[in-house]
Every structure is written in structure tokens, then in C-alpha cells.
Amino acid sequence: MKVSIGSDHGGYELKLEVIEHLKERGFEVIDVGTDSPASCDYPIYAKKVAEDINSKNADLGILICGTGIGMSMAANKIEGIRAALCHDTFSAQATREHNNANILCMGARVVGPGLALMIIDTFLDTPFSNDERHIRRISMYS
């Protein structure tokens with residue numbers, strides 16, 4: 001599985017830990033930036049990850065900023081994207097099963113690295129249910 005990941009300055013340090021974790025698990029990782037903790041604009045990276053998803057260059061995406069809110073708002077402006085802000089494993093599981101979310105958003109100032117990795121593992125390991133009612137609901141807004 002190929003995962004596209006991006007962050008702004010607020011999520012930069014956590015992004016580095018996540019990339020290492022993903023590679024250890026055998027995922028192919030596309031790092032779209034940012035490449036330093038210097039202040040930058042999160043919508044740039046949300047768009048890059050969304051483009052990787054929409055072009056099928058990546059299977060799923062991860063976006064990290066300070067709270068995860070800005071990234072999720074920016075990503076969800078892009079057609080075809082279902083970005084979910086998750087700060088717990090239950091939400092990560094439910095959004096994959098029920099919403100077929102294709103991008104996970106997290107806040108590095110909200111969750112610590114240990115919890116972040118558990119959320120990511122849950123998100124990446126949970127398949128979409130393919131339940132007819134969930135498909136119907138997703139089609140209402142996509």
C-alpha cells in the first residue's frame with residue numbers, strides 16, 4: 001500500500017516519526033512536505049496529498065498540522081476527498097468502515113506520538129465495510 005503524507009510546521013516532527021513507522025511496517029511512503037519546522041501554509045500540503053489520492057498515485061493519505069482542523073478543512077474542499085479528523089482509534093476505525101475516508105488528519109499538538117501511531121495503524125488496517133447503506137450515504141455527498 002502506498003501512503004501520501006504531508007504536514008505543516010506544526011506537524012513536521014510527528015510526520016518524521018510517522019514516516020519511519022510506516023516504512024518499518026512495509027508501506028511505500030510519499031512525503032509531499034513540508035521539509036522543515038519553518039512556518040508554512042498547510043493548504044499547500046493538503047492539496048498535494050489530495051492530488052496523490054485523486055490521481056491514484058497513493059492509496060490513502062495522512063495530513064498533520066497543529067490541531068488537524070485546518071488540514072481537514074482544506075482537504076475536504078477538494079472533490080473526491082473524504083478527510084477525517086481523528087484523535088482516537090475508535091473514530092479512525094469508524095471513518096474507514098462507514099465513510100471510506102481516504103485521508104486521515106491529526107493534530108500533533110493534540111495527540112502524542114504513541115497514540116498517533118495507534119490511530120494511524122487503525123486507520124490503515126481497517127477496510128471499508130462496503131455496506132449498501134454506507135455506500136448510499138457517501139454517494140449523497142460525493
Side-chain angles (χ1 to χ4, degrees), residues 1-131 134-142:
M1 182 184 297
K2 200 182 284 189
V3 178
S4 181
I5 186 167
S7 73
D8 70 356
H9 54 281
Y12 175 71
E13 295 297 330
L14 180 56
K15 182 187 74 160
L16 296 179
E17 292 184 52
V18 169
I19 290 170
E20 182 178 321
H21 176 74
L22 293 174
K23 287 181 177 179
E24 287 173 1
R25 287 202 55 203
F27 290 100
E28 187 175 341
V29 179
I30 303 165
D31 181 359
V32 302
T34 189
D35 298 322
S36 80
S39 183
C40 62
D41 299 318
Y42 62 86
I44 294 168
Y45 306 100
K47 183 177 181 184
K48 288 181 179 186
V49 169
E51 287 172 346
D52 276 345
I53 299 300
N54 282 338
S55 70
K56 307 225 182 298
N57 191 39
D59 301 299
L60 294 171
I62 299 171
L63 289 167
I64 308 168
C65 64
T67 63
I69 297 168
M71 285 292 200
S72 65
M73 292 171 74
N76 279 316
K77 293 284 187 184
I78 300 166
E79 189 173 341
I81 297 303
R82 292 176 306 281
L85 174 60
C86 298
H87 292 136
D88 59 80
T89 57
F90 176 77
S91 297
Q93 178 181 346
T95 200
R96 287 288 301 135
E97 286 179 350
H98 296 211
N99 310 115
N100 199 16
N102 49 21
I103 297 178
L104 171 65
C105 300
M106 294 190 305
R109 296 177 184 143
V110 179
V111 298
L115 178 56
L117 297 181
M118 287 191 292
I119 292 167
I120 289 166
D121 287 346
T122 300
F123 183 84
L124 296 176
D125 294 343
T126 303
F128 178 52
S129 69
N130 277 312
D131 184 290
H134 298 308
I135 293 168
R136 182 183 70 248
R137 291 170 185 157
I138 292 167
S139 72
M140 291 177 166
Y141 63 84
S142 59

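To the nearest 0.5 Å, atoms NE2 (His9) and OG1 (Thr34) are separated by 9.0 Å. One finds the CZ atom of Phe123 at 7.0 Å from the CG atom of Asn102 (value rounded to the nearest 0.5 Å). With values rounded to the nearest 0.5 angstrom, Lys47 atom NZ is found 13.0 Å from Asp41 atom CG. Residue Met73 holds its CE atom at 10.5 Å from SG of Cys65, rounded to the nearest 0.5 Å. Between the CD1 atom of Ile64 and the CG atom of Leu16 there is a distance of 9.0 Å, given to the nearest 0.5 Å. In this structure, the separation between CG on Asp8 and CG on Leu63 is 9.5 Å, given to the nearest 0.5 Å.
In this structure, Cys40 and Tyr45 have side chains that are in contact, with non-hydrogen atoms separated by less than 4.5 Å. Looking at heavy atoms from C-beta onward, Leu60 lies out of side-chain contact with Leu104 at the 4.5 angstrom threshold. By the 4.5 Å heavy-atom criterion applied to side chains, His134 and Asn100 are not counted as neighbours. Using a 4.5 Å heavy-atom cutoff, the side chains of Glu51 and Ile78 are not in contact. Contact check for Val18 versus Leu117: side-chain heavy atoms found under the 4.5 Å cut-off. Within the 4.5 Å cutoff, no side-chain heavy atoms of Asp59 are placed close to those of Phe27. Residues Leu22 and Ile120 form a side-chain contact, since some pair of their non-hydrogen atoms from C-beta on lies under 4.5 Å apart.
The heavy-atom pair separating Val32 from Gly6 by the smallest distance is CG2-CA, 3.7 Å. In this structure, Cys105 and Gly68 approach most closely via the heavy-atom pair CB-O, 3.8 Å. Between Asn54 and Glu79, the closest heavy-atom pair is ND2-O, 2.9 Å. In plain terms, the two heavy atoms of Asp121 and Arg25 that are nearest each other are OD1-NH1, 2.9 Å. Annotation for Thr126 and Glu97: closest pair CG2-CG, 3.4 Å, computed over non-hydrogen atoms. Closest non-hydrogen pair, Lys15 versus Ser7, comes out as CD-OG, 3.5 Å.
Remark: the backbone N or O of Ile103 is not paired with any side-chain donor or acceptor of Arg82 at under 3.5 angstrom.
Each of Val49, Ile5, Asp52 was compared with Ile30 under the side-chain contact (heavy atoms from CB on, under 4.5 Å) criterion, and only Asp52 meets it.
Open room surrounds NZ on Lys77; 12 or fewer heavy atoms of other groups in view lie less than 6.0 Å from it. Counting heavy atoms of neighbouring residues, nucleotides and ligands inside a 6.0 Å radius, atom OH of Tyr141 exceeds 12 of them.
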